[in-house]
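Worth saying up front: this structure is predicted, and the values here are computed from it rather than measured. Throughout, protein chains are lettered first and strands after them, A, B, ... in sequence-line order, and every chain is numbered starting at 1.
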Amino acid sequence: MSKDKEISVDIQNVTKSFGAFTALNGVSLDIRDNEFFTLLGPSGCGKTTLLRLIAGFEEVTNGAIHLYGQNIADLLPNERPINTVFQQYALFPHMNVTDNVMFGLLRLGHDTSKAKARVGEVLELVRLSDFADRMPSQLSGGQQQRVALARALAPSPKVLLLDEPLSALDLKLRQAVRLELKQIQVQTGITFIFVTHDQEEALTMSDRIAVLEGGRVQQVGSAREIYEAPENKFVADFIGETNLIDVTVSNVEKRKGSCVLPGGAQIICSAAEGALVGSGHLSIRPERIKITASGKGMLEGKTVRHIYLGTDLHIEVSLTSGSRVTVRMQNSTQIKIPNVGQSVGLDFEASSARLLVD
Amino acid sequence: MAELPKVNPEGSAKTYSGFGIPLIFPAWIIIGFFLVIPVAMMLVYSFLTKEFRGGVIWEFSISAYDQFFLYRGLFGDSPPVIEWTYISIFWRSIWQAGLATFCCLIIGFPTAWFIATRTGRNKTIWLFLITIPYWVNLLIRTISMKFLIRDNGPLNEFFLSIGLISEPFHIINTNFAVQLGLFYSYLPFMVLPIYAAVERYNFALSEAAADLYASRTVTLFKVILPTVRPGIVAGCILVFVPSLGAFLAPDLLGGAKNFMIGSLIEEQFKGAAGNWPFGAAASMILLSLVLIVLTFYARNQTKGQI
């Protein structure tokens, strides 16, 4: 996505406090038009608070939120052209599917016949046309989730907020709905702001991801950028799995760091912004490490145990320095698996390593 | 997508429903003895002949109902015309009870909402405060109220002393006094069921409504009220039904002019001037009215839970 694309939601240095507790601390984000933008972080990181600020359910303590250039601070939730898919769906229990989906359209002053046509359209989009007359209590969780989505899409909002909408679904359904959601976003061209704690969800759907922790934005970038070039230890650890190896940094120049690995090998790899000379951490993803014969790799160690994961195997290796490293291998018949207790060498490309800021 | 089998995540009563059957016998016996038999007796008595010293003569007669609805002249031999005395007492009772229900709803709903939206201990304290007056006997409370609203009672003295009025406000022995008494007696019966319903209300629904462009007023009428309707209907029944048959408030605060059904019935069973069959007939007519209201309620409830 190009940089000059129109900004949809512009969050400027937003702080939100609840009494003495600061939920968000100076958050700035530019969410672009037409983008599938994900707020990712563990529970309590402030992601839902940020969503509620955009929807208007909470008031900003400090800072400003602009929607297509307009400051929306003074607009009530019902005055914002933004719709939300709630975590527990919040479907109106006394209305059937059609009336639920039509609710927003009628409030906007559409006449009933036009609204009905639009409801039909949206229900088709979420493949619920056959359930138009059902009550919410007669639907399964997955179907309720679709109704919630249809209800939020019906008024054609400029921005759609989704608050962990998949968390109540089981794994198979969740995976199917992910792809559908992404497809609907592309089809409708609406800016989606998606909140989740599930990194896999974030990686598969998002154009860009903002990783939040402790009320601050830790990193913003595409799935690839976040996974492959994490800026700090938190991001590296939270997104996927990683090995953090203690290193001595001898030089940092033009975002390249020269590091000495435990065992003495030297590498030059990419460094996160703000990396300093001295002791540091190197992040290497488990799938980027190869097991070689002892003495032939960048690191030395002994196999501690195997963990069977179906498609993959995790091999835990204890380094001579004492720390543990996990290696991920494909569960294939062609690969030789080292025995437990065997001395092995660990090898990886310098491009797979990233020097982090603590 | 295939439809998933529907399982209630909050559990099912199916496994445990069988235990109740032996345990419910005492309740059945009590209801049978103290509800069904007296009502049946009332029904029988309403078709008997009155005895002049109170009591009944075991002789079939429809004169009680006849007396209620028809007037046949002073000596009982004129052509029958409709007797409006008792019908108008009933009508006044229905009107008073309806108004009391309405007032209780208007005051009770915001109160219940306020209590249900307090957090933690505050909720318990407010609920406690609402119920405190009801630890005092209703008779005592009604007499106290009579004292308060007398022409030279504290209420009037206060308004006179601050110069708001120049002569006592006449409240006692008016319909307004009866209304005040009914409202005061039955307000908690409105507040408590609505409180229970509002407490279960999912506020995400209000947020969803606001998110879908509904103003606060629209949210109240289209989302909140329909969702908490069972509590509102229960509250209305609990206020309307006892208000309809109330006799303390009309007797003590309303005086003779503002007679209600309850007082009418009460009088028929008091002393030698009473007329048992007539009192029983009036009770049966009142019971039929209440049953009509309850049928309406039951229909309403089943419609709500699809």
Side-chain angles (χ1 to χ4, degrees), chain A residues 52 55-58 76-96 99-110 126-128 130-131 134-143 146 148 151-152 154-155 157 161 163 168-170 172-173 176-177 180, chain B residues 1-14 109 116-120 122 194 196-234 297 299-306:
Chain A
R52 292 174 61 80
F57 301 136
E58 308 281 353
L76 291 171
N78 53 329
E79 295 164 340
R80 302 184 182 196
I82 295 172
N83 289 141
T84 307
V85 178
F86 291 85
Q87 190 167 5
Q88 300 300 330
Y89 316 140
L91 298 178
F92 304 127
H94 56 292
M95 295 181 196
N96 67 17
D99 290 340
N100 260 285
V101 177
M102 199 150 59
F103 189 90
L105 295 168
L106 295 183
R107 301 288 89 70
L108 285 174
H110 292 242
V126 299
R127 298 192 285 111
L128 269 185
D130 295 341
F131 296 88
R134 297 273 189 104
M135 299 302 282
S137 59
Q138 297 170 304
L139 300 174
S140 69
Q143 290 162 344
R146 285 149 188 277
R151 186 178 70 173
L161 308 177
D163 186 8
L169 306 180
D170 57 66
K172 280 272 185 222
L173 196 55
V177 176
E180 259 180 78
Chain B
M1 194 147 308
E3 205 178 333
L4 298 171
K6 213 173 135 36
V7 178
N8 184 356
E10 281 157 8
S12 159
K14 217 164 138 195
F109 185 84
T117 51
R118 295 310 94 185
T119 48
N122 285 338
I194 296 180
V198 173
E199 233 228 332
R200 284 196 308 266
Y201 177 71
N202 174 8
F203 282 89
L205 296 181
S206 290
E207 288 188 347
D211 191 68
L212 293 161
Y213 315 107
S215 64
R216 279 162 175 266
T217 318
V218 171
T219 304
L220 177 66
F221 285 102
K222 295 264 178 194
V223 177
I224 296 171
L225 290 182
T227 317
V228 301
R229 191 184 61 185
I232 293 173
V233 175
Y297 168 67
R299 269 219 203 126
N300 213 308
Q301 286 298 78
T302 41
K303 209 171 67 191
Q305 37 172 260
I306 298 170

- Item | Residue, of B:Pro226, B:Ser215, B:Ala214, that accumulates the most heavy atom pairs under 4.5 Å with chain A |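 Among B:Pro226, B:Ser215, B:Ala214, the one with the most close pairs to chain A is B:Ala214.
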- Query: Does any N or O in the side chain of A:His94 come within less than 3.5 Å of the main-chain N or O of B:Lys222, such that one atom is a donor and the other an acceptor?
  - Reply: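 Flag set: sc A:His94 to bb B:Lys222 pair under 3.5 Å.
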- Task: State whether the side chain of A:Asn83 and the backbone N or O of B:Asp211 hold a donor-acceptor pair below 3.5 Å, judged by distance alone.
- Result: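 Confirmed, A:Asn83 side chain pairs with B:Asp211 backbone.
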- Tell me, side chain or backbone of A:Arg151 under 4.5 Å from chain B's heavy atoms, or both, or neither?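 Its backbone and side chain both get close to chain B.
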- Item | Interface moiety of A:Leu128 toward chain B, non-hydrogen atoms closer than 4.5 Å |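 Neither part.
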When rounded to the nearest 0.5 angstrom, what distance separates [atom1] in [X] from [atom2] in [Y]?
X: B:Leu205; Y: A:Tyr89; atom1: CG; atom2: OH; result: 14.5 Å
X: A:Leu106; Y: B:Tyr213; atom1: CG; atom2: OH; result: 13.0 Å
X: A:Thr84; Y: B:Glu207; atom1: OG1; atom2: CD; result: 8.5 Å
X: B:Leu212; Y: A:Met102; atom1: CG; atom2: CE; result: 12.5 Å

- Below 4.5 Å, heavy atoms only, C-beta onward: do B:Asn202 and A:Phe86 meet side chain to side chain?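 Side chain of B:Asn202 against side chain of A:Phe86, heavy atoms only: no contact under 4.5 Å found.
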- Return yes when atom CZ of B:Phe203 has more than 12 non-hydrogen atoms of other residues, nucleotides or ligands closer than 6.0 Å, and no otherwise.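 Yes, CZ of B:Phe203 has more than 12 neighbouring heavy atoms, counting only those of other groups under 6.0 Å.
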- Can you establish whether the number of heavy atoms outside B:Arg118 located under 6.0 Å from its atom CZ is more than 12?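 Yes, enclosed.
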- Query: Side chain, backbone, both or neither: which part of B:Val218 has a heavy atom under 4.5 Å from chain A?
  - Reply: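 Only the side chain of B:Val218 comes within 4.5 Å of chain A.
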